[in-house]
Structure formats: C-alpha cells, structure tokens
Amino acid sequence: MSMQQETSHMTAAPQTNGHQIFPEIDMSAGDSSSIVRATVVQASTVFYDTPATLDKAERLLSEAAENGSQLVVFPEAFIGGYPRGSTFELAIGSRTAKGRDDFRKYHASAIDVPGPEVERLALMAKKYKVYLVMGVIEREGYTLYCTVLFFDSQGLFLGKHRKLMPTALERCIWGFGDGSTIPVFDTPIGKIGAAICWENRMPSLRTAMYAKGIEIYCAPTADSRETWLASMTHIALEGGCFVLSANQFCRRKDYPSPPEYMFSGSEESLTPDSVVCAGGSSIISPLGIVLAGPNYRGEALITADLDLGDIARAKFDFDVVGHYSRPEVFSLNIREHPRKAVSFKTSKVMEDESV
C-alpha cells in the first residue's frame, strides 16, 4: 500500500551516509542544530480486526522508515479503534442487549499491556529502527483505557500514557488514567511525551509535561475540526516544543456495515464513501510555524524535519516553567503514584508496621 506522502523541509536535511538507510543525527551535548525527521500517520483502523490493523501499521511504518523518518506517531486509538458515532445504545438508567454486545466486541479488539501485540509493536520499531508512538485501546481486566505506547528504535518498550480525562460518552466506555502515566522520555532524538485529544486542553497536564522538559510533544487525537490547529499551535508556542498531531482519516466503509455498527443520528445520510473523520494531522514548530499539514484530503504520511535548535530559539522569549513561571505566585503539585482500588499487604509487612 502506497500512502500519500506530504513532506516539509523547513531546514536543510541531514547528510546521509551512502551505506545507511537513515539520516545520521549527531545528538552530542551542546549541539543545538540537530535535525530529526518525524512522521505523523493519518490513517484508519481496521475496525474490530486488531491483527489486520497491526499489519496495516507495519506497512505504514515501513513506508515512513523508507522516507528516512526516525520518529513515527500514530493516531488516538489506532489499535483497537475509535468508536466514532457509536452510542453503545446507552441512556441514563437504560442499556440494551445490542449495546452490551457492542462493548463485548470492542473489548475483544483491545490489547493487554504488556501482551503479544505490544511485543509485535516493539519488534516493528526495532526492525525499522524508528521511535514509535502508538495510540491503542488498552484492556486491563474488563476496563478499557485510551492509551499511548512508546518504543525506542532498538525495540524497547519505554512505557505508556493513559488518557486522564475521557470526553463526554467516552467516559462510559474508557477508564481514567492517573498521575503515574504522564511520562516524558529522554531519548537521543529529544524528550518525548504525549497527551491525547481534548486532554491537551488541560493546562495543568500541559504544565506537568513542560516541567519534565518535553521537546517533542505528541498529540494523537480524534478531533478533525479546523479549530484543532489553533490548539496545537498554541501548545507549540506555550511549551516551546514541537507538536506532532496525528488523527485518523476515516470513511463510513472503514467501519462495519449497519446494522452491526451504527452511526447514531446520521446513519441514513451516509454512503460508504462518506468522510466521518477528515484528519487534519499536522506538525508545528516551537516558533508556531506549521511545518506540515493540516491534511484533510485522505490517508497520508505527513513528514517534517525538526530543527531541535528551534527549541532554544523559542524559549529565548518565553520559557513557561522557567523565567516566565512566577513560582512565588503560582504552584502546581502532581501526584504521580498509581491510584489502585485495592491494595494488598503481606503478613510480614503488617508485622513490621506493628513494631
């Protein structure tokens, strides 16, 4: 499968060695002009078919790597699917047999973390020598989470971020993340983290990520409205970081046909080729320059070369957790420990505590 390629070269491309597939990057200390080639994937899930979605992810990852990308970001819920338009037949005080079965099928499409799908994603990252940021639906028992997984270019699973605050009806099908999964990973290509969809509007979450030194801010989303670009541009300027926003591009035919899957309130007006999510994926620099996108035309690989020196150039004016922070006026406390419903203590620990 050949995807539409949209590449921006806002800076000189890094020199390449004739014997290497990927551009060389010198990330030595003090080098403020390193270039990282990054790609955001704009493509649809194969809904209710996680193995086929993983196959599609590998094809897309291969194509991005062939284009020299060192970091590839996939959309929100790419593995497991974003249940756009579905209500799961929910109403206050009422559920239906079909709605319960819709959840059963959706739960079956989710993945365990760790689990075999995570292992396969790690192997993909290693095979194509890319840093991989992947949106998934995570299954823990019978609760689902909207999650982002991080892998390095050697195939190491770095960790995850669970969406802190699902929006609207999402709250009925997804659990809530906690402060233990708001990581920023210090990698040879920069400090990488992620916030998902509308939690990007949460100032406290953004501030926590800025305080961890985020440089490449990934924003997998399901919001394809034109107003989304304004939010992404603001975050790039506010945080003095690169923002990589990846969304799915979906047509009605990318979801199961009715009556198996219904778009509530609009099903009768849709044809198989009707666009139900228009994408709008983009890459934005710390100076607020749109390097690539937004793309509303179809499935695409959207690529830009990130000049990491732009981070210092932007923060010369405004460092949100540095010289612009006013800590004598404002403070923020982050609770990073996991919030568990049930905790177990061994008898030995209890005996030690009683001494």
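Keep in mind that the numbers below use all heavy atoms, side chains included, and drop hydrogens, waters and symmetry copies.
Side-chain contact annotation: Glu299 with Ser44, donor-acceptor N/O pair under 3.5 Å present.
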Would you give me the side-chain donor-acceptor pairs under 3.5 Å for residues 270-283, sequence neighbours excluded?
{"residue": "Thr271", "atom": "OG1", "partner": "Asp273", "partner atom": "N", "Å": "3.4"}
{"residue": "Thr271", "atom": "OG1", "partner": "Ser274", "partner atom": "N", "Å": "3.3"}
{"residue": "Thr271", "atom": "OG1", "partner": "Ser274", "partner atom": "OG", "Å": "3.1"}
{"residue": "Asp273", "atom": "OD1", "partner": "Lys253", "partner atom": "NZ", "Å": "2.7"}
{"residue": "Ser274", "atom": "OG", "partner": "Thr271", "partner atom": "N", "Å": "2.8"}
{"residue": "Ser274", "atom": "OG", "partner": "Thr271", "partner atom": "O", "Å": "3.3"}
{"residue": "Ser281", "atom": "OG", "partner": "Gln42", "partner atom": "OE1", "Å": "2.7"}
{"residue": "Ser281", "atom": "OG", "partner": "Asn247", "partner atom": "N", "Å": "2.8"}
{"residue": "Ser281", "atom": "OG", "partner": "Asn247", "partner atom": "O", "Å": "3.4"}

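Using a distance-only test at 3.5 Å, with no hydrogens or angles considered, no donor-acceptor pair links the side chain of Asp112 to the main chain of Pro114. Ser69 contributes no side-chain N or O that, together with a main-chain N or O of Val72, makes up a donor-acceptor pair within less than 3.5 Å. Under a 3.5 Å cut-off, the side chain of Ser269 and the backbone N or O of Ser266 do form a donor-acceptor pair. In this structure, the side chain of Arg84 engages the main chain of Ala222 through a donor-acceptor pair within 3.5 Å.
Residue pairs meeting the salt bridge (charged side-chain N to carboxylate O under 4.0 Å, His left out) criterion with at least one partner in residues 166-190, sequence neighbours excluded, are Lys163-Glu170. Sorted by first and then second residue, the ring pair (Phe, Tyr, Trp, His ring centres under 6.0 Å) pairs with a member in residues 60-83 read Phe74-Phe78, Tyr82-Trp174; sequence neighbours excluded. For residues 192-226, the set of pairs meeting the ring pair (Phe, Tyr, Trp, His ring centres under 6.0 Å) definition, not counting sequence neighbours, is empty. The ring pair (Phe, Tyr, Trp, His ring centres under 6.0 Å) pairs that include a residue from residues 235-267 are Phe47-Tyr255, Phe47-Tyr261, Tyr255-Tyr261, Tyr255-Phe263, Tyr261-Phe263, where partners are two or more places apart or lie in different chains.
Using a 4.5 Å heavy-atom threshold, the side chains of Ile173 and Pro83 count as touching. The closest side-chain heavy-atom distance from Ile216 to Lys191 is not below 4.5 Å. Here the side chains of Tyr106 and Phe88 are in contact, with some heavy-atom distance below 4.5 Å.
Annotation: Phe176, atom CZ; neighbour count of heavy atoms from other residues, nucleotides and ligands within 6.0 Å is above 12. Within 6.0 Å of NZ on Lys126 lie no more than 12 heavy atoms contributed by other residues, nucleotides or ligands.
Classification of Glu199 and Arg201 as a salt-bridged pair fails, no side-chain N sitting under 4.0 Å from a carboxylate O.
Hydrophobic clustering of Ile, Leu, Val, Met, Phe, Trp and Tyr side chains at less than 4.5 Å, counting indirect connections, unites Phe318 with Met232.
Clustering of Ile, Leu, Val, Met, Phe, Trp and Tyr side chains at separations under 4.5 Å leaves Val46 isolated, with no partner residue.
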